[in-house]
Trainee: 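Structure provided below as structure tokens; questions to follow.
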Number of protein chains: 2
Amino acid sequence: MPADLSRKATGESPDSEHGVSGGLRSDAQRNRDRIIRAAHETFTERGTAVPISAIARRAGVGAATLYRRFPTRASLVAAVFDDQLTECAAAFDEALADPDPWRGFCSFVETVCAAQVADRGFTNAFLAQHEETDDGRRQWDRAEPDLARLVQRAKEAGRLRGDFDPSDVLVLLLANNGLAAQPPHIAEPASRRLVAYFLQSVEADRTAPLPPTAPLDLDEIRRSFAGLQ
Amino acid sequence: MPADLSRKATGESPDSEHGVSGGLRSDAQRNRDRIIRAAHETFTERGTAVPISAIARRAGVGAATLYRRFPTRASLVAAVFDDQLTECAAAFDEALADPDPWRGFCSFVETVCAAQVADRGFTNAFLAQHEETDDGRRQWDRAEPDLARLVQRAKEAGRLRGDFDPSDVLVLLLANNGLAAQPPHIAEPASRRLVAYFLQSVEADRTAPLPPTAPLDLDEIRRSFAGLQ
DNA sequence: TGAGAAGTGGACGACTGTTTCCACATGCGA
DNA sequence: TCGCATGTGGAAACAGTCGTCCACTTCTCA
């Protein structure tokens, strides 16, 4: 998940023969921005299941305009959380660049979980990005070895327990997503506490064995991600 | 949460002047059972947001019949998960009765989390029970000190870390609920793994301090519980 | 067995949200 | 300024769920 996720799958038309800058007429571009801002506010407040028409009303445009720009809910969600996604990708890169593998691992987990809680629907965006488009699929294929490397580095540094599996990170993300559904004044401290417990229990000097569960198949979880909220 | 939760808030009429056994005519009782069975199957498969009419169809009754017996979705959910709730309450009693406080604590956490995962919608039932009715509120008022006692006992036995807060149990339940939304072949192992990590990190010999988050207010979380899925 | 209370389900109206259509407006390049 | 491709939003068709009404059926008790 390198830091180059960018405006894809947003329903943007390829380009016009008319030479309009950015492929969109200036007023259309203005409307697009207003839609994204309104959608971001609404998603954050009420989750991504909110009616499209509510977003259109808030943006001061007709529903048809919104549908023309973003044919599916997923495409809107993806566009809205593009920034967060980029930020999240950056966190991945930073984590791998950190000279202290354990610190890198921890800060990655903390950053992603915090993003998940700060923006309801972030997870859906994350997933829509990874599930729907070929492009997204490719991103996942790059992210998976990165995740494995992050885990491996921390293990080799002797700070992450040997029986930790990369899929455990996704387990935490799913669990944390359960907290993200709560109002922020609950979700934020709860998430910090969950993450703290989690990180402490995956440190290397904890010797008690985990239950005899074969680690989950990463790809299986990825597929199951779709259709969360 | 003692083990005497029973068929309350199910929309059952008080009793008839006609002297029908159980307050319900035999055919009506039969239909009620079929509704509950159908609802249980449907909830488990598709969550509690499923349309009422789908349940009625599956039960082979009209929607009106279902509405007469269970005026609100919550009342149906509560009736459906009555068994699990009882089981869960029993787990509480058992935990407190266990001569080994730590083992009692662990088995309580494991049992409730397993129930949560085994039946999608169990959590909603749990909450509907505690939020909607006066009766439910009273149950919570009894459960809260029980929970505190369970935690206190484990601490005093020297097995549970001193900075553990009873609300942390609810944090885990919320998080685990995020896993419960997944299909069973994901949710079950993921939950076992999450719970195992959690229990290991709350054992007493872990000395690293938690982040400076004031423990959450239990009652606050309880209120926020309502309206989960 | 028959009177009547209790129970039933098909059908319907209200409501909410999605998606398309189309007459009209607007920005752009010439 | 003009022509027109691009863009717009109101309106309406469509889809799904909720919850109620009521004519009809079934059960219970005397």
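Just so we're on the same page: letters track the sequence lines, and every chain starts at 1.
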Trainee: Within the structure provided, determine whether Leu199(A) and Val195(A) are in side-chain contact (heavy-atom separation under 4.5 Å).
Mentor: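 Touching, per the 4.5 Å side-chain cut-off.
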
Trainee: Any Lys/Arg nitrogen of Arg58(A) or Glu45(A) sitting under 4.0 Å from an Asp/Glu carboxylate oxygen of the other?
Mentor: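 The answer is yes: the pair qualifies as a salt bridge.
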
Trainee: Compute the bend angle of the helix from dT1(C)-dA30(D) to dA30(C)-dT1(D) from the end axes (five pairs per end), rounded to 10°.
Mentor: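 Both end axes considered, the difference amounts to 10°.
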
Trainee: Kindly say if Arg69(B) contacts the phosphate of dT8(C), meaning a side-chain N or O under 4.0 Å from OP1 or OP2.
Mentor: yes

Trainee: Give the minimum heavy-atom separation between Val80(A) and Ala39(A), together with the two atoms involved.
Mentor: CG2-CB, 3.6 Å

Trainee: Below 4.0 angstrom from OP1 or OP2 of dT8(D), is there any side-chain N or O of Asn31(A)?
Mentor: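 Looking at the OP1 and OP2 atoms of dT8(D), one of them is under 4.0 Å from a side-chain N or O of Asn31(A).
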
Trainee: Tell me the interatomic distance from Leu76(A), atom CG, to dT18(C), atom P, rounded to whole angstroms.
Mentor: 11 Å

Trainee: Got a salt bridge between Asp33(B) and Arg30(B), using NZ or NE/NH1/NH2 to carboxylate O under 4.0 Å?
Mentor: no

Trainee: Over 60° means perpendicular and under 30° means parallel, so tell me whether Phe198(B) and Phe164(B) are parallel, tilted or perpendicular.
Mentor: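 Rings of Phe198(B) and Phe164(B): perpendicular, as their planes differ by over 60°.
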
Trainee: Whole angstroms only, please: what is the CZ-P distance between Phe70(A) and dT18(C)?
Mentor: 16 Å

Trainee: Before you tell me yes or no, could you show the steps for Asp168(B) and Asp165(B) under side-chain contact (heavy atoms from CB on, under 4.5 Å), namely the whole-Å CA-CA distance, both residues' side-chain angles and the distance that decides it to 0.1 Å?
Mentor: CA-CA 5 Å; Asp168(B) 289 335; Asp165(B) 189 86; 3.9 Å; yes

Trainee: Leu66(B) has an atom CG; how far is it from atom C1' of dG7(C), in whole Å?
Mentor: 14 Å

Trainee: Output one letter per nucleotide in nucleotides 16-27 of chain D: B when a protein non-hydrogen atom lies under 4.0 Å from the base, S when only the sugar-phosphate is that close, - when neither is.
Mentor: -SSBBB----BS

Trainee: Parallel, tilted or perpendicular for Phe108(A) and Phe92(A), by the 30°/60° rule?
Mentor: tilted

Trainee: Between Thr65(B) and dG7(C), is there a contact of a side-chain N or O with OP1 or OP2 at under 4.0 Å?
Mentor: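 So the side-chain polar atoms of Thr65(B) never come under 4.0 Å of the phosphate oxygens OP1 or OP2 of dG7(C).
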
Trainee: Calculate, to the nearest 0.5 Å, the distance between atoms CD1 and CD belonging to Ile36(A) and Glu41(A) respectively.
Mentor: 12.5 Å

Trainee: For the pair made of CZ in Arg32(A) and P in dT6(D), what is the distance, rounded to whole Å?
Mentor: 18 Å

